[in-house]
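Read the structure below first, then the notes.
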Amino acid sequence: QDKREIIDAAIINQKIPWQKVHIFMVDERLVPTNSPDSNFLLAKNTFIDYLTENYLLPKTNLHPFTYFNLPIEKATNSYKNELREISHKFDIVLLSAGEDGHVASLYPNHETIKSSEEFFLITNNSPKPPRRRISASRKLIQKSQTVILLFFGNKKRQAYKNFLNKEMSMQDCPAKLIKKIEDSYILTDL
């Protein structure tokens, strides 16, 4: 109930041009969108259903990563092209840092944070289950106009300390990639 009140207040108090808003996933586990492990399902249950059921956000503006029976590389290219039809970058990205400082599926000292991919990348060996994921690349996130990064919960305390540690590199704490984005915000309860 409290989440609904917060969403209601945020929507009522803002003049957001919802017809122009498109929602893409920066991180998705390679599972069906109705799986309890799906990040899209989490977003759908948290706020997307509210927006679509109240006719604020057109369902055509939702862009879950779906791969059905396509080879994963072909599905990833299709998703990249879907984004390119609207824009070559994200305007606003909402990220939550993991306990190890990862964002999206960009993990510390992992092939994903080291990748030179421009748009989306696939990993078959994520350090966190499930192992197969698609992620916005470091370069795609860094092209974003605005980024909001969340550090919520006591389990994220070390990740937040690592983020603030000037001696720690982006390779060691991928959340630091947002420091290269001029319009970035950190929200935390720590």
Side-chain angles (χ1 to χ4, degrees), residues 7 10-11 14-35 37-97 102-107 110-124 126 130 132-150 170 174-175 177-185:
I7 293 170
I11 291 168
Q14 301 295 320
K15 293 188 174 30
I16 297 171
W18 289 108
Q19 301 300 316
K20 295 180 181 180
V21 172
H22 288 262
I23 297 177
F24 283 84
M25 302 308 295
V26 295
D27 178 33
E28 184 58 273
R29 297 160 180 151
L30 296 183
V31 295
T33 55
N34 62 353
S35 166
D37 290 331
S38 168
N39 287 332
F40 181 78
L41 182 63
L42 174 64
K44 186 176 178 305
N45 291 340
T46 304
F47 67 93
I48 292 173
D49 281 348
Y50 177 90
L51 295 172
T52 57
E53 288 167 6
N54 288 286
Y55 305 102
L56 296 166
L57 181 68
K59 288 184 180 181
T60 55
N61 291 14
L62 301 177
H63 305 276
F65 180 74
T66 52
Y67 59 99
F68 301 109
N69 294 324
L70 292 174
I72 195 64
E73 291 79 14
K74 189 170 186 174
T76 303
N77 278 334
S78 177
Y79 203 53
K80 172 180 75 173
N81 291 333
E82 204 173 324
L83 175 63
R84 289 171 98 180
E85 285 177 22
I86 296 163
S87 177
H88 282 77
K89 64 181 180 64
F90 296 125
D91 293 326
I92 300 172
V93 173
L94 176 62
L95 297 171
S96 179
H102 82 272
V103 289
S105 283
L106 306 176
Y107 296 98
H110 189 261
E111 65 187 31
T112 51
I113 191 63
K114 297 173 184 176
S115 172
S116 61
E117 178 58 49
E118 293 289 328
F119 282 90
F120 296 96
L121 56 93
I122 302 161
T123 184
N124 291 312
S126 165
R132 298 184 69 226
R133 296 168 181 247
I134 181 174
S135 179
S137 69
R138 169 183 47 85
K139 289 183 177 183
L140 179 57
I141 292 171
Q142 286 181 320
K143 287 192 287 186
S144 304
Q145 182 177 327
T146 302
V147 175
I148 301 165
L149 175 59
L150 309 175
M170 180 175 49
L177 70 85
I178 74 147
K179 291 189 174 202
K180 295 189 180 216
I181 301 164
E182 187 175 324
D183 192 28
S184 59
Y185 303 89

> Which atom names give the shortest non-hydrogen contact between I113 and P174, and what distance separates them?
Replying inline: CD1-CB, 3.7 Å
> So with a 6.0 Å cut-off around NZ of K179, is the heavy-atom count from everything else above 12?
Replying inline: yes
> Between T46 and L42, which heavy-atom pair has the shortest distance, and what is it?
Replying inline: OG1-O, 2.6 Å
> Does N39 offer a backbone N or O that forms a donor-acceptor pair with the side chain of E28 under 3.5 Å?
Replying inline: yes
>> Over 60° means perpendicular and under 30° means parallel, so tell me whether F24 and H63 are parallel, tilted or perpendicular.
In response: parallel
>> Please check this pair: side chain of N81 against backbone of N77, looking for a donor-acceptor N/O pair closer than 3.5 Å.
In response: yes
>> Under a plain distance cut-off of 3.5 Å, with no hydrogens placed, do T123 and R133 share a side-chain donor-acceptor pair?
In response: no
>> Minimum heavy-atom separation for K114 and R138, please, with both atom names.
In response: O-NH2, 4.3 Å
>> Please list all pairs meeting salt bridge (charged side-chain N to carboxylate O under 4.0 Å, His left out) that have one or both residues in residues 75-89, counting only residues at least two apart or in different chains.
In response: K89-D91
> Side chain of S144, backbone of V147: donor and acceptor closer than 3.5 Å?
Replying inline: no
> How close do M25 and F65 get, heavy atom to heavy atom, and via which atoms?
Replying inline: CG-N, 4.5 Å
> Closest heavy-atom contact between K59 and T52?
Replying inline: CG-CG2, 3.9 Å
> Under 6.0 Å from the six-membered ring centre of Y79 and within 45° of its axis: does the NZ or CZ of K74 meet both?
Replying inline: no
> Passes side-chain contact (heavy atoms from CB on, under 4.5 Å), V103 versus I178? Steps please.
Replying inline: CA-CA 10 Å; V103 289; I178 74 147; 5.9 Å; no
> Closest heavy-atom contact between I141 and A136?
Replying inline: CG1-CB, 3.9 Å
> Do S105 and D27 have side-chain N/O donor and acceptor atoms under 3.5 Å apart?
Replying inline: yes
>> Quick check: do I48 and I23 have side-chain heavy atoms less than 4.5 Å from each other?
In response: yes
>> Taking atom CD1 as the centre, does I72 end up with more than 12 heavy-atom neighbours from other residues, nucleotides or ligands that are less than 6.0 angstrom away?
In response: yes
> Ignoring hydrogens and geometry, is there a side-chain-to-backbone donor-acceptor pair from Y67 to T76 under 3.5 Å?
Replying inline: no
>> Please determine whether side-chain contact (heavy atoms from CB on, under 4.5 Å) holds for the pair F120 and V26, giving the CA-CA distance in whole Å, both sets of side-chain angles, and the decisive distance to 0.1 Å.
In response: CA-CA 8 Å; F120 296 96; V26 295; over 6 Å; no
> Which is it for I148 and L95 under the side-chain contact (heavy atoms from CB on, under 4.5 Å) test, yes or no, and what are the steps along the way?
Replying inline: CA-CA 6 Å; I148 301 165; L95 297 171; over 6 Å; no
> Taking the side chain as C-beta and beyond, is there a heavy-atom pair between L106 and S135 under 4.5 Å?
Replying inline: yes
> Are S126 and Y107 close enough that some pair of their side-chain heavy atoms sits under 4.5 Å apart?
Replying inline: yes
>> Out of the candidates L140, T112, I134, only one should pair with L121 under the side chain to side chain contact (heavy atoms under 4.5 Å, CB included) rule; please name it.
In response: T112
